[in-house]
Amino acid sequence: RMVKKTILILMLTLASPFFVFAYNQKTTHPALTQEIIRFFNQHYPQKFLNSDDAELIIQGSINEDDGVRWLHHFYDPIHNKGLVLEKKEFIANPNLAIIANPRLTSKWASAKDWGLGTEIQNGFLKSIETGTIQDYFSGFDDYSWDRAIYEYGWGDKKRGLATLGHILHLLEDMTVPEHTRNDPHPAELGDASPYEAWTEKFTRSKINIASQLAREKPILLADLNSYFDEIAGYSNNNFFSKD
């Protein structure tokens, strides 16, 4: 079983650059993150993010798609779950067998739990299960919200800013209807999202959202949980997707 799991992880890691399950990693995500930073700077000049800070955040938003992290970029706010592949999904698209076992129900943590889940990303819980102890904020692949705050305030400020970019990537994916309806849509397997394909044209030099929203006030919510719920709920309830 361990050998099969290792082979599957290796296949996913090698194959993931060829799969597009969200906004384009090289065009749309950095463009959206750039506009978020510009909007922030317009409204909070006393906390202005300079160009070096901005590039760290943008690079973090790009890196969130590395490896198999994209499996955690789904959140259905109605049923409070992430990506779940069941037999009916495999019947509709047999090609999904490349990322999961069609005989089993495969589940991944939701984007909300992933973004807020230091224990999940850090592997802290797994370390306890195996009888080992590690520092809470020590995981190399941990780019969770609490890790961002910790690093920015007490650790590595650059890593804190990059981690913020990872979180923004997750929130950006919540504006894609497929990501809020348990709808895997690999373009290379013939199930591309027309919306995501259309947004690929928006690069950092071909987008101008922040200036158009200059008169709009930021929407302030109580916590990160609320942002995930509000954005995912808006996408889920108000927009169609191909399926």
Side-chain angles (χ1 to χ4, degrees), residues 20-66 69-70 73-75 77 111-112 114-116 143-145 147-149 151-153 157-180 193-241:
V20 179
F21 288 86
Y23 286 134
N24 190 286
Q25 180 186 19
K26 301 299 183 182
T27 60
T28 319
H29 272 298
L32 288 174
T33 305
Q34 169 187 273
E35 295 305 291
I36 291 171
I37 295 168
R38 286 177 174 175
F39 184 78
F40 177 87
N41 283 339
Q42 289 171 0
H43 292 277
Y44 300 98
Q46 72 278 17
K47 300 178 181 179
F48 191 87
L49 294 165
N50 62 37
S51 59
D52 290 339
D53 293 340
E55 291 305 316
L56 287 169
I57 297 170
I58 291 170
Q59 188 59 51
S61 74
I62 294 172
N63 292 346
E64 176 56 29
D65 266 335
D66 286 354
R69 298 180 72 89
W70 49 264
H73 293 180
F74 295 78
Y75 172 48
K112 182 169 76 169
W114 180 248
L116 293 164
Y143 292 96
S144 60
W145 178 239
R147 182 68 178 271
I149 295 172
E151 295 292 356
Y152 189 83
K157 181 178 178 180
K158 291 183 177 180
R159 184 185 174 101
L161 290 168
T163 304
L164 173 59
H166 282 256
I167 299 298
L168 292 179
H169 179 119
L170 297 175
L171 290 170
E172 290 160 12
D173 276 354
M174 297 301 93
T175 67
V176 179
E178 286 91 343
H179 280 256
T180 65
S193 163
Y195 168 63
E196 286 179 346
W198 175 75
T199 61
E200 287 184 16
K201 66 182 181 181
F202 294 106
T203 64
R204 292 179 64 179
S205 62
K206 297 179 180 179
I207 194 169
N208 190 30
I209 296 174
S211 63
Q212 296 173 18
L213 299 177
R215 296 184 179 181
E216 299 289 337
K217 294 182 179 180
I219 298 174
L220 303 180
L221 303 177
D223 49 40
L224 190 60
N225 258 318
S226 300
Y227 283 97
F228 274 104
D229 290 338
E230 285 286 331
I231 300 173
Y234 184 72
S235 300
N236 180 288
N237 288 316
N238 293 282
F239 296 92
F240 287 112
S241 48

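For the atom pair CD1 of I37 and OG of S61, the computed distance is 7.5 Å after rounding to the nearest 0.5 Å. Note that CD1 of I57 is 7.0 Å distant from CG of L168, once rounded to the nearest 0.5 Å. We find the CD-CD distance between Q212 and E35 to be 8.5 Å, quoted to the nearest 0.5 Å. Note: I36 CD1 to L171 CG = 7.5 Å, rounded to the nearest 0.5 Å.
Taking both residues in full, the closest heavy atoms of A148 and L164 are given as CB-N, 4.2 Å, listed atom of the first, atom of the second, then distance. What you find for S144 and I167 is that their closest heavy atoms are C-CD1, 4.0 Å. Nearest approach of T175 to Y195, heavy atoms of both residues: O-CE2, 4.0 Å. Scanning both residues, Y227 and L221, for their nearest heavy atoms gives OH-N, 3.0 Å. Closest heavy-atom contact between I207 and R38: O-NH1, 4.3 Å.
Between F228 and Y75, the ring-plane angle classifies as perpendicular under the 30° and 60° cut-offs.
At a threshold of 4.5 Å between non-hydrogen side-chain atoms, the residues P77 and T180 count as touching. Within the 4.5 Å cutoff, side-chain heavy atoms of H73 are placed close to those of H179. The side-chain heavy atoms of M174 and L170, taken from C-beta on, include no pair separated by under 4.5 Å. With a 4.5 Å cut-off on side-chain heavy atoms, P218 and Y44 count as touching. Side chains of T199 and L32 form no contact here, defined as non-hydrogen atoms less than 4.5 Å apart.
Applying the side chain to side chain contact (heavy atoms under 4.5 Å, CB included) test between H29 and each of D173, I62, N63 identifies D173 as the sole match.
A donor-acceptor contact shorter than 3.5 Å is absent between the side chain of N41 and the backbone of F48. No donor-acceptor pair closer than 3.5 Å links the side chain of E151 to the backbone N or O of K157. A donor-acceptor pair under 3.5 Å links the side-chain atoms of S235 to the main chain of I231, judged by distance alone. Between the side chain of N238 and the backbone N or O of Y234, at least one donor-acceptor pair lies under 3.5 Å.
Ion pairing of K112 with D229 is present here, as a side-chain N (NZ or NE/NH1/NH2) and a carboxylate O approach within less than 4.0 Å. Under the 4.0 Å criterion applied to side-chain N and carboxylate O atoms, R204 and E55 are assigned as salt-bridge partners.
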Q | Check against ring-ring contact (aromatic ring centres under 6.0 Å, His included), F74 and W70 | A | CA-CA 8 Å; F74 295 78; W70 49 264; 8.0 Å; no

Q: Show your reasoning for whether side chain to side chain contact (heavy atoms under 4.5 Å, CB included) applies to T33 and E172.
A: CA-CA 8 Å; T33 305; E172 290 160 12; 2.8 Å; yes

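In the model, T28 has no side-chain atom that pairs as donor or acceptor with a side-chain atom of E200 under 3.5 Å. Side-chain polar atoms of H166 and E64 form a donor-acceptor pair below 3.5 angstrom. Checking S193 against E178 by side-chain atom types alone, a donor-acceptor pair falls below 3.5 Å.
Judged by the 6.0 Å distance and 45° axis criteria, R159 is positioned over the aromatic ring of Y143.
Remark: F39 CZ is packed, more than 12 non-hydrogen atoms of other residues, nucleotides or ligands lying under 6.0 Å away.
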